[in-house]
Amino acid sequence: MNQRLDIGENVELQPLNSLRVAARARYFVDVHSTDELSSALEWAAQQGASTLILGGGSNLVFAGDVDGLVIRVRLLGRRWEQVDGPEATLVLGAGENWHDAVLYAASAGYRGIENLALIPGTAGAAPVQNIGAYGVELRDTLVAVTALDRETGQAVRLGNGDCQFAYRDSLFKRTPGRYVITGVHLRLSRQKPLQLGYRELEEYLGEKAPPDLDAVAVAEAVMAIRRRKLPDPAMIPNAGSFFKNPVISQGWYESLRAEYPGLVGHSVPEGVKLAAAWLIDQSGWKGFRNTRVGVHNRQALVLINHSGGNGADILSLANRIRQSVSERFGVELEMEPGVVGGAGHP
Ligand code: EPU
């Protein structure tokens, strides 16, 4: 059964991660079906090799080479299921490009994921960090995830509630290595209200309001806003927001606010979510660059690989930023992308 797999050796991963960090995989394979995925996992087990599941490579930092098998999930396919009046379920193979799927759904007149336009990466990676932007998160439309449970070797279907979604967090992030996501089921609707409440989106759309707006128009607005301030990973290597927005207690927020009246935050059930970009910006990092890496000059939350930076360069910059934010505001920033490869990482 392993004959079907085309396993490469000593494969360069630089083109496969959006930070364009150089790193090598001891073994590498593309899988196009659940059978190939199972074979690849079996092959790795026989070799005693560790495995790393790769999607679009847009939310990770290679700290060094990967001494195991990198499995890139390329399970493709888009189909509609349970079409019922204005509602329908869009089923995406894990390897589908996320942004293409957003445009596909919006063009078909279905609403629910248009605010998530232009987020890099694959559909299968989207539930891992519960992607979110402009007032919408994946968990708002996701009904189920299909996955291979590596503990039992069984294919499983996990409902929304099973996925333990939270802000940039999920079951998959908390149990790394256990599940390999193979498909994503999203419940979309032609009728549900568009989500236009995010301040920047509201400002951009101005006078335009439903019924003049449809899902495509909202996706296009989100794309324009993102292009204005976020670097295109195809041109300027980056991994999107490098830190999560930290949540602190209301009391802490008020005392910080007394000291820093410009502090940006908004209430969430657990307390107040601060804009990490503001903390980093105020600590003087926006637009910083050394010869290799830096901080985007229009969004302080985005680290950039300007020229030949490696994972260590990126992580050392991230640590310096964390340290100065911690010293100045007493707030600890948590990294968003996963760190893989090199010593001490899976
Ligand atoms: N701000 C600054 N300096 C900056 C940038 C922003 O002070 O350089 C302040 C502004 O006051 C702004 C506030 O920070 O109002 C928030 O900025 P923004 O609206 O850009 O959102 P964000 O909280 O920085 C989050 C997500 C983004 C997502 C946007 C829009 C996280 C970690 N990031 O950023 O997600 O696109 O909201 O919804 O939650 C990503 O995850 O890769 C990502 C880009």
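A quick note: this is a predicted structure, and the numbers were derived from the prediction, not measured. First listed ligand is number 1; within each ligand, the first listed atom is number 1.
The single protein non-hydrogen atom nearest to atom 38 (O) of ligand 1 is Y134 N, 2.7 Å, given as residue, atom name and distance. At the shortest separation from atom 41 (O) of ligand 1 among protein heavy atoms lies R168 NH2, 2.7 Å. Atom 10 (C) of ligand 1 has as its closest protein heavy atom V264 CG2, 4.7 Å. Closest protein heavy atom to atom 17 (O) of ligand 1: Q299 NE2, 4.1 Å. The closest protein non-hydrogen atom to atom 5 (C) of ligand 1 is A277 CB, 3.4 Å. Shortest contact from atom 40 (C) of ligand 1 to any protein heavy atom: S241 OG, 3.0 Å. Of the protein's heavy atoms, R226 NH1, 3.5 Å lies nearest to atom 36 (O) of ligand 1. Protein heavy atom closest to atom 25 (C) of ligand 1, with residue, atom name and distance, is N245 ND2, 4.1 Å.
At a heavy-atom cutoff of 4.0 Å, ligand 1 is contacted by the side chain of K229 but not by its backbone. Of the heavy atoms in A275, only side-chain atoms (C-beta onward) come closer than 4.0 Å to ligand 1. The part of F243 lying near ligand 1 is the backbone, judged by heavy-atom distances below 4.0 Å.
Residues A276 and L333 come closest through the heavy atom pair CB-CD2, 3.9 Å. Across all their heavy atoms, D214 and R111 have their closest contact at CA-NH2, 4.5 Å. Across every non-hydrogen atom of P231 and I236, the tightest pair is CB-CB, 3.9 Å. Between L90 and A105, the closest heavy-atom pair is CD2-CB, 4.0 Å. Shown here for Q195 and L201, the closest heavy-atom pair between the two residues is O-CD2, 3.5 Å. Across R139 and F165, no two heavy atoms sit closer than the pair NH1-O, 3.1 Å.
A donor atom on one side chain and an acceptor atom on the other are not found under 3.5 Å apart for R157 and T146. Between Q282 and R328, the side chains place no donor N or O within less than 3.5 Å of an acceptor N or O (distance only, hydrogens not considered).
Against a heavy-atom cut-off of under 4.0 Å, A300 is close to the following atoms of ligand 1: 4 (C), 8 (O). Close contacts of ligand 1 with W278, meaning ligand atoms under 4.0 Å from a residue heavy atom, involve 2 (C), 7 (O). For ligand 1 and Y198, the ligand atoms under 4.0 Å from any heavy atom of the residue are 18 (P), 19 (O), 21 (O), 30 (C), 37 (O), 38 (O). With ligand atoms numbered from 1 in the order given, ligand 1 contributes 36 (O), 38 (O) to contacts under 4.0 Å with heavy atoms of A133. Less than 4.0 angstrom separates some heavy atom of Y167 from each of these atoms of ligand 1: 31 (C), 32 (C), 39 (O). Close approach of ligand 1 to G240 (heavy-atom distance below 4.0 Å) involves ligand atoms 42 (O). Residue E336 approaches ligand 1 through these ligand atoms, each under 4.0 Å from one of its heavy atoms: 32 (C), 41 (O). Residue contact check: R199 has heavy atoms under 4.0 Å from atoms 15 (O) of ligand 1.
Using a 30° and 60° split on the angle between ring planes, Y260 and W278 fall in the perpendicular class, above 60°.
Considering V293, L230, V302, D232 as possible partners of N238, the one that fulfils the side chain to side chain contact (heavy atoms under 4.5 Å, CB included) test is V302.
Residue contacts with ligand 1 leave out Q282, since none of its heavy atoms falls under 4.0 Å from the ligand. Residue Q129 places every heavy atom at 4.0 Å or more from ligand 1.
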For this session: Any chance you could lay out the side-chain hydrogen bond (donor to acceptor under 3.5 Å, both in side chains) test for R292 and S307, step after step, and finish with the verdict?
Result: CA-CA 5 Å; R292 303 214 247 185; S307 173; over 6 Å; no
Exercise. Can S241 and R168 be said to form a side-chain hydrogen bond (donor to acceptor under 3.5 Å, both in side chains), step by step?
Worked result: CA-CA 11 Å; S241 298; R168 294 294 193 273; 4.9 Å; no
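Looking at D67 and R26, a side-chain N of the basic residue comes within less than 4.0 Å of a carboxylate O on the acidic one, giving a salt bridge.
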